[in-house]
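To find a chain, count down the sequence lines: A is the first, B the second, and so on, and within it residues start at 1. If you're wondering where the values come from, they're calculated on a predicted model, not measured in any experiment.
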Amino acid sequence: MAQPLFRAPVGTRDLLPPESARRRRLVAVFADLAERTGFGLLESPIFEDLGVFQRLGADNEVVTKELFEFFDKGDPPRHLALRPELTASVCRAFAEHRPTQPWKIWYSGPQFRYERPQAGRYRQFDQVGVETLGTDDPHADVEVIGLGLRFYEALGMKQVRLLINSLGDATSRPAYDAALAAYLRSRRDELSEQSQITLERNPLRVLDSKREQDQPVIAEAPVMADFLSGESAEHFVAVRAGLDSLDAAYEVSPRLVRGLDYYTRTTFEFVADALDTAQNAVGGGGRYDGLVEDLGGPATPGIGFALGVDRILLACDAEGTFAAAPAPVEVFVVDTAGGQSAAVLCDRLRQAGLGVDRAFDGRSMKAQMKRADRSGAAVAVIIGPDEQAEGAVTVRDMRPGGGQRQVASDDVVSAVTEILAEEA
RNA sequence: GUGGCCGUAGCUCAGUAGGUUAGAGCGCCGGGUUGUGGUCCCGGAGGUCGGGGGUUCGACUCCCCUCGGUCACCCCA
């Protein structure tokens, strides 16, 4: 391959048509659903003060190893970072603006993590998500989770499983952490080397290990459910009852711990069974009742999720749904009389609201017709020297066996719309 | 950060016991049809075989390094 001078940085890529249009459609589907559920769009900066993200957990890899950090040109320079996720930004914005509660926000956009790319994982990746701040009503949990499920359905996905768990609250969590750590230490020798290290850093995360060697130990580990405070247990029951009432299928997964340290009580994950890759979680979220306070705001409960756009699209491919399709051109203008007439006709047709394209460089009739065919246009408007002399155009139905007729160029819009209406 | 596999035209890939001008399909451009696409036929453009170094009379082919891709671990969407 002749190598270009530059290429997209590692872990990033160009999204070309028609794939780019497909992603835009996906976001539009999400936006529609979110807005009809009472969520408003928050557009927050792509980068934030480093401190915003450090609150996600000091021993978390997302924060310690995977951040794109940099200094700006201020005096003194500000220490900034590209956002690795958006929940922290939403909470920062909440603490900064103190909006009325509950504050229901949706978002979409690129995020950045310095990791080795693999299937379904990129350094720049897109997520869509929602956050509800200012209420710990279990119905808010249910609304958020339900929105996620409906979104996957709207894309035509059928093989998405919902896993849920409760991580407990400030009163129940420490007891569990202690019990889990004690248990894991008692069987420390059976754990993989990596898990032994993880054990000292954050025992909870050992439950996340995919190593074969760790599985027997994990299988017998104490379960959070046995340690939930009365309040947390009640909350979890209410969330499940709410999901039941929506006929939402879910699996309680006692070992679902999730990566970010801020999660409390409800946690959940959407898994795409159509993906046979290691990264098959297409979305995840949970409750983070302490995060706003950590960021200097008032104590405010919150719940939300982030869905990985890249992985969702991969899963859609695997399920054969939500296919990429180019934006349809309805009319193609062929001009073998110099191209000036095409400019005028295109303009007129576009002003009439139609999708119109044309060829350049004065190519042959045949070449232009070929373009017209490949554009997918249903109608071709042809103008050559003959038509030009008569102030007319030829309007051709591009369907197989479709006919054509000559009309005055002033009538081009109505002639075209007639054929389009016929085909619709 | 660690490891496996891979790197030949725009795309998908052939090609090596190391040896003249590196091939196919698709795509692209042109022609067959001096005004008409989708099928068919003909022709054409396009590659310093990822980059650098080494071995050799000679390297796309062997060795080393490097860059990139891919998959997995870690971690996560």
Side-chain angles (χ1 to χ4, degrees), chain A residues 1-4 6-11 13 16 56-57 59-66 84-87 108 110-129 148 192-195 197-198 201-202 205-206 208-214 257-260 269-272 275-285 305-315 332 334-337 359 361 363-388 394-404 406:
Chain A
M1 188 189 299
Q3 59 177 14
F6 298 107
R7 51 181 113 191
V10 174
R13 63 242 163 95
L16 278 35
L56 299 178
D59 55 14
N60 190 284
E61 292 210 349
V62 168
V63 176
T64 55
K65 288 161 56 182
E66 300 175 1
E85 58 123 57
L86 267 158
T87 303
S108 78
Q111 281 137 86
F112 307 85
R113 261 120 87 161
Y114 191 86
E115 308 177 86
R116 284 285 290 270
Q118 72 185 72
R121 189 165 74 184
Y122 308 93
R123 287 186 176 176
Q124 175 177 335
F125 59 101
D126 271 312
Q127 289 185 334
V128 295
S192 65
E193 201 177 321
Q194 181 61 44
S195 286
I197 296 167
T198 308
R201 252 196 4 240
N202 189 337
R205 197 114 5 91
V206 173
D208 244 350
S209 167
K210 285 182 201 161
R211 290 164 188 278
E212 206 51 52
Q213 185 186 347
D214 297 328
V257 296
R258 305 206 36 74
L260 285 335
E269 193 162 288
F270 299 104
V271 176
L275 290 177
D276 55 1
T277 54
Q279 315 301 333
N280 64 349
V282 289
F305 65 59
L307 315 181
V309 171
D310 309 273
R311 289 184 191 172
I312 289 172
L313 257 14
L314 250 24
F332 198 97
V334 171
D335 179 351
T336 59
D361 301 318
R363 304 221 280 154
S364 70
M365 168 76 62
K366 177 173 178 165
Q368 293 193 49
M369 284 303 292
K370 202 170 272 192
R371 277 263 168 274
D373 183 50
R374 308 221 166 135
S375 76
V379 181
V381 172
I382 302 165
I383 177 151
D386 296 351
E387 286 87 349
Q388 200 167 49
T394 295
V395 177
R396 178 173 176 80
D397 185 336
M398 291 297 279
R399 283 177 299 184
Q404 64 184 49
Q406 195 165 311

Scan every strand shown for a Watson-Crick or G-U wobble partner of rC76(B), both distances under 3.5 Å, and answer none if you come up empty. none
Hey, is the side chain of Thr198(A) poking within less than 4.0 Å of OP1 or OP2 on rC75(B), counting only N and O atoms? yes
Whole Å only: how far is the CE atom of Met369(A) from the C1' atom of rG37(B)? 5 Å
Whole-Å distance separating the CZ atom of Arg113(A) from the C1' atom of rC74(B): 13 Å
Determine whether a donor-acceptor pair (one donor, one acceptor, N or O, separation below 3.5 Å) exists between the side chain of Gln368(A) and the base of rU36(B). no
Respond yes when some side-chain nitrogen or oxygen of Arg363(A) is under 4.0 Å from OP1 or OP2 of rG30(B), and no when none is. yes
Partner of rC57(B) under the Watson-Crick or G-U wobble criteria, both distances under 3.5 Å, comes out as rG19(B)
Nearest of rA72(B), rC28(B), rG35(B) to any side-chain atom of Ala278(A)? rA72(B)
Check: Arg116(A) side chain, rC75(B) base, donor-acceptor under 3.5 Å: no
Roughly, in whole Å, what's the span from CG in Asn202(A) to P in rC74(B)? 15 Å
Presence of donor-acceptor pair under 3.5 Å, side chain of Lys370(A) and base of rG30(B): no
Expressed in whole Å, how much space separates the P atoms belonging to rC65(B) and rU70(B)? 22 Å
Work out how far the P atom of rC13(B) is from that of rU56(B), and round it to whole angstrom. 36 Å
Approximate separation, where rounding is to 0.5 Å, of Thr198(A) OG1 and Glu193(A) CD: 11.0 Å
By the 4.0 Å heavy-atom rule, please label Gly129(A) as base, sugar-phosphate, or nothing. nothing
Whole-Å gap separating P (rC71(B)) and CG (Leu275(A)): 11 Å
What nucleotide among rC75(B), rA72(B), rG27(B) has an atom nearest to a side-chain atom of Glu115(A)? rC75(B)
Between Asp361(A) and Arg363(A), is there a donor-acceptor pair closer than 3.5 Å when you use the side chain of the first and the backbone of the second? no
Would you indicate which nucleotide in rG35(B), rC71(B), rG37(B) comes nearest to any side-chain atom of Glu387(A)? rG35(B)
Using only atom types and a distance under 3.5 Å, with no angle test, would you say the side chain of Ser375(A) pairs donor to acceptor with the backbone of Ala372(A)? yes
Testing rG35(B), rC75(B), rG31(B) for proximity to the side chain of Lys366(A), the answer is rG31(B)
Under a 3.5 Å cut-off for both distances, is rG43(B) Watson-Crick or wobble paired, and to whom? rC29(B)
Partner of rU12(B) under the Watson-Crick or G-U wobble criteria, both distances under 3.5 Å, comes out as rA24(B)
Report yes if a side-chain nitrogen or oxygen of Arg121(A) is closer than 4.0 Å to either non-bridging phosphate oxygen (OP1 or OP2) of rC74(B); otherwise report no. no
If only atom types and distance count, is the side chain of Asp126(A) paired as donor or acceptor with the main-chain N or O of Asp310(A) below 3.5 Å? no
Indicate whether OP1 or OP2 belonging to rA72(B) is found under 4.0 Å from a side-chain N or O atom of Gln118(A). yes
Check for a donor-acceptor pair, side chain of Arg311(A) on one end and backbone N or O of Gly120(A) on the other, with a separation under 3.5 Å. yes
Arg121(A) side chain vs Arg116(A) backbone, donor-acceptor pair below 3.5 Å: yes
Residue Asp310(A), side-chain heavy atoms: nucleotide from rC74(B), rC75(B), rA77(B) that is nearest: rA77(B)
With a 4.0 Å cut-off on heavy atoms, is Val10(A) in touch with a base, just the backbone sugar-phosphate, or nothing at all? sugar-phosphate
Can you measure Phe332(A) atom CZ to rG35(B) atom P for me and round it to whole angstrom units? 19 Å
Asp208(A) atom CG is separated from rC76(B) atom C1', nearest whole Å, by 9 Å
I need the CE-P distance between Met365(A) and rG30(B), as an integer number of Å. 14 Å
Heavy-atom donor-acceptor pair, Arg211(A) side-chain to rC73(B) base, under 3.5 Å: no
With hydrogens left out and only the distance checked, is there a donor-acceptor pair under 3.5 Å joining Arg396(A)'s side chain and the base of rG37(B)? yes
Aromatic Phe112(A) / basic Arg123(A) pairing, under 6.0 angstrom, 45° off normal: no
Mind calculating the distance between CZ (Arg374(A)) and C1' (rG38(B)) to the nearest angstrom? 9 Å
